[in-house]
Undergrad: 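Could you have a look at this structure, given as structure tokens, before my questions?
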Amino acid sequence: MKGLFIINPSSGRQNFKENLTQIAGKLIMDQIVSHIDVFYTKEKNDGKNRAAVLKKGEYDFVVAVGGDGTLNEVVNGLILSKSETPLAIISSGTVNDFATYLKLPSASDVDQFCEMIQNFKLKEVDAGKINNEYFINVVAGGILTDIAYKVPKDRKAIFGKLAYYMEGALELPKTLFGDLMELEYTVNGEVHQEPVTLFLVANSRSVGGFKDAVPMASVSDGMLDILILKRVGLFHVSDLVFKFLQGEHPQHECIEYMQTDEIVIRDRGEKTDISIDYDGELLEDGLPVHIKVIPKALKILIP
């Protein structure tokens, strides 16, 4: 077998390069793989551009090494390439939602990762398309979705997920009870208009480090799960948090939860600074967005 590693060298903790060396060495020495090529990203979209030129049969698999943003770039490139090259994932970022959902081995799980490559078990998974970009895990807009861009890299490297929670705790009071987004969203032929605090369009259940943030989502059902957090009163907060921790929040009166293969979201208010995050990347165009599912878009290597 022949593999390509697309690596974001600035993602993750300091020891991940040593782990990668062990993984590559074991794959070669155990004769699981006969040849490995390595591509290091330097700038935004390097991973996307490298994966986009892959040809069918050029590699038996490609490995995305980095966080959710690196994975997003490789996913976009693979879909554009139409090469149908199977994708393996080595998580070295801060949150790694999609890898967490599929229970994939991390960079430190050297034996488990190599065993996964040797067994070569594939899972067909859906992807989403937002305007002209693709995502594999989630699109988010509204409260706290810009936290990833506010947390300094050195703090993320030291504190990991805790860095996001610390920043989120500081931002929560002014965002939760601040001005809401006035959105219009069209789902399953129905048009809704209402004030919204947060919306998620999810392919997997894990979002923001929470394993069951979107508890009914599946990466292989040909559907996207929509979670909308409406206006939250002060008296709702404790009950909402309790139900969230129990995985029962979709039934809360402040939550609207639905499944669809397509959704259009528009801004009907005066807010012009709504941040739209897709798999750790900031959507430059903002609203409006047209989001749809791409069934069985990718083949993922799983344990």
Undergrad: Do other residues, nucleotides or ligands put more than 12 heavy atoms under 6.0 Å from the NZ atom of Lys2?
TA: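 Buried by this count: over 12 neighbours within 6.0 Å.
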Undergrad: Calculate, to the nearest 0.5 Å, the distance between atoms CG and CG belonging to Asp285 and Asn132 respectively.
TA: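 Answer for the CG-CG pair, Asp285 versus Asn132, is 8.0 Å.
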Undergrad: Is Leu102 reachable from Leu298 through a run of I, L, V, M, F, W or Y residues, each pair having side-chain heavy atoms under 4.5 Å apart?
TA: yes
Undergrad: Do any N or O atoms from the side chain of Thr41 and from the backbone of Glu43 form a donor-acceptor pair under 3.5 angstrom?
TA: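 Answer holds: no.
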Undergrad: Hey, any chance Leu87 and Val53 share a hydrophobic cluster, counting ILVMFWY side chains that come within less than 4.5 Å of each other, even indirectly?
TA: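 They do not share one cluster, since no chain of ILVMFWY contacts under 4.5 Å joins Leu87 to Val53.
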Undergrad: Give me the atom names and distance for the closest heavy-atom approach of Gly66 to Asn8.
TA: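 Closest approach of Gly66 to Asn8, heavy atoms only: CA-CB, 4.5 Å.
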Undergrad: Taking NZ, NE, NH1 and NH2 as the nitrogens, is one of them in Asp46 or Lys42 under 4.0 Å from a carboxylate oxygen of the other?
TA: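 Judged by the 4.0 Å cut-off on N to carboxylate O distance, Asp46 and Lys42 do not form a salt bridge.
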Undergrad: With no hydrogens and no angle check, is any side-chain donor or acceptor of Asn203 less than 3.5 Å from a backbone partner on Ile136?
TA: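 Yes, the answer is positive, given that a donor and an acceptor are paired below the 3.5 Å cut-off.
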Undergrad: What do the steps show when you test Asp37 against Phe5 for side-chain contact (heavy atoms from CB on, under 4.5 Å), and what is the final call?
TA: CA-CA 6 Å; Asp37 285 332; Phe5 282 59; over 6 Å; no
Undergrad: Drop me the distance from Ile117's CD1 to Lys121's NZ, to the nearest 0.5 angstrom.
TA: 14.0 Å
Undergrad: If you look at every heavy atom in Phe199 and Ile276, which pair is closest and at what distance?
TA: CZ-CD1, 3.6 Å
Undergrad: Do Asn188 and Ile263 make a side-chain contact, defined as non-hydrogen atoms from C-beta onward lying under 4.5 Å apart?
TA: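 No. Closest side-chain heavy atoms not under 4.5 Å.
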Undergrad: Are more than 12 heavy atoms, taken from residues, nucleotides or ligands other than Lys44, located less than 6.0 Å from that residue's NZ atom?
TA: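 It does: Lys44 NZ has more than 12 such atoms within range.
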Undergrad: In the structure I gave you, are the side-chain heavy atoms of Phe135 and Asp277 within less than 4.5 Å of one another anywhere?
TA: no
Undergrad: Just so I know, are the side chains of Ile130 and Leu283 near enough to count as touching, which here means a heavy-atom distance under 4.5 Å?
TA: yes
Undergrad: Working to the nearest 0.5 Å, report the span between CD1 of Ile28 and NE2 of His35.
TA: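 Result: 8.0 Å between the selected atoms.
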Undergrad: What's the separation between atom CD in Glu84 and atom CD in Glu124, rounded to the nearest 0.5 Å?
TA: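 CD of Glu124 is found 9.0 Å from CD of Glu84.
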Undergrad: Are Asn137 and Ser204 close enough, and set up right, to give a side-chain hydrogen bond (donor to acceptor under 3.5 Å, both in side chains), and what steps lead you there?
TA: CA-CA 6 Å; Asn137 199 63; Ser204 90; 2.4 Å; yes
Undergrad: For Asp267 and Glu182, which heavy atoms make the closest approach, and how far apart are they?
TA: OD1-O, 3.3 Å
Undergrad: Do Tyr134 and Met223 sit in the same hydrophobic cluster, where Ile, Leu, Val, Met, Phe, Trp and Tyr count as joined when their side-chain heavy atoms come under 4.5 Å apart?
TA: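 Different clusters.
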Undergrad: Can you measure from CG (Leu122) to CD1 (Ile300) and round to the nearest 0.5 angstrom?
TA: 9.0 Å
Undergrad: May I ask whether Val264 and Leu183 are part of the same hydrophobic cluster, defined by side-chain heavy atoms of I, L, V, M, F, W, Y residues being less than 4.5 angstrom apart, directly or through others?
TA: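 Different clusters.
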Undergrad: Kindly compute the distance separating CD1 (Ile32) from CZ (Phe113), expressed to the nearest 0.5 Å.
TA: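 Going from the CD1 atom of Ile32 to the CZ atom of Phe113 covers 10.0 Å.
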Undergrad: Are any non-hydrogen side-chain atoms of Arg268 and Gln193 less than 4.5 angstrom apart?
TA: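 They are in contact (side-chain heavy atoms under 4.5 Å apart), so the answer is yes.
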Undergrad: Verify, without hydrogens or angle tests, whether Asn96 (side chain) and Gly67 (backbone) share a donor-acceptor contact under 3.5 angstrom.
TA: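 No.
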Undergrad: Test your reading of the model: is there a side-chain donor-acceptor pair from Asp97 to the backbone of Asp68, 3.5 Å cut-off?
TA: no
Undergrad: How close do Pro303 and Leu104 get, counting heavy atoms only, and between which atoms?
TA: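 For Pro303 versus Leu104, the nearest heavy atoms are CD-CD2, 3.7 Å.
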Undergrad: Do you see a donor-acceptor pair shorter than 3.5 Å between the side chains of Ser108 and Ser106?
TA: yes
Undergrad: Report yes or no: does Asp126 contribute a side-chain atom to a donor-acceptor pair with the main-chain N or O of Gly222 at less than 3.5 Å?
TA: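 Yes, the answer is positive, given that a donor and an acceptor are paired below the 3.5 Å cut-off.
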Undergrad: Should Val65 and Ile6 count as side-chain neighbours, where that means a heavy-atom distance under 4.5 Å?
TA: no
Undergrad: Please evaluate residues Asn45 and Lys48 with respect to the criterion side-chain contact (heavy atoms from CB on, under 4.5 Å), reporting the C-alpha separation (whole Å), side-chain torsions for both, the decisive distance (0.1 Å), and the verdict.
TA: CA-CA 5 Å; Asn45 287 327; Lys48 175 182 176 179; 3.9 Å; yes
Undergrad: Is the number of heavy atoms from other residues, nucleotides or ligands within 6.0 Å of OH (Tyr40) greater than 12?
TA: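 No.
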Undergrad: Regarding Tyr185 and Glu256, do their side chains bring together a donor and an acceptor under 3.5 Å, going by distance alone?
TA: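 A pair is found: one side chain offers a donor N or O, the other an acceptor, under 3.5 Å apart.
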Undergrad: Give a yes or no answer on whether the side chain of Gln118 reaches the backbone of Glu115 with a donor-acceptor pair at less than 3.5 Å.
TA: no
Undergrad: Decide side-chain contact (heavy atoms from CB on, under 4.5 Å) for Lys17 and Ile7; before the verdict, give the C-alpha distance in whole Å, the side-chain angles of both, and the deciding distance to 0.1 Å.
TA: CA-CA 10 Å; Lys17 289 185 180 179; Ile7 302 170; over 6 Å; no
Undergrad: Looking at side-chain heavy atoms only, is the closest gap between Asp60 and Pro86 below 4.5 Å?
TA: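 They are not in contact (no side-chain heavy atoms under 4.5 Å apart), so the answer is no.
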Undergrad: Going by heavy atoms in the side chains, are Leu54 and Leu4 under 4.5 Å from each other?
TA: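 Touching, per the 4.5 Å side-chain cut-off.
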Undergrad: Is there a side-chain contact (heavy atoms from CB on, under 4.5 Å) between Gln22 and Leu20? Walk through the geometry before answering.
TA: CA-CA 5 Å; Gln22 292 179 25; Leu20 284 179; over 6 Å; no
Undergrad: Distance alone, cut at 3.5 Å: any donor-acceptor contact between the side chains of Tyr278 and Asn72?
TA: no
Undergrad: Can you spot which of Leu198, Leu229, Ile228 makes a side-chain contact (heavy atoms from CB on, under 4.5 Å) with Ile255?
TA: Leu229
Undergrad: Do Tyr101 and Lys211 have side chains that get closer than 4.5 Å, going by heavy atoms?
TA: no
Undergrad: Is there a donor-acceptor contact under 3.5 Å from the side chain of Asn131 to the main chain of His290?
TA: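 Yes.
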Undergrad: Do you know the tightest heavy-atom contact between Gly69 and Glu281?
TA: CA-OE2, 3.3 Å
Undergrad: Same hydrophobic cluster for Phe39 and Leu71, using side-chain heavy-atom links shorter than 4.5 Å among ILVMFWY?
TA: yes
Undergrad: Tell me the closest heavy-atom pair linking Ala52 and Leu80, and the distance in Å.
TA: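 Taking Ala52 first and Leu80 second, the nearest heavy atoms are CB-CB, 4.4 Å.
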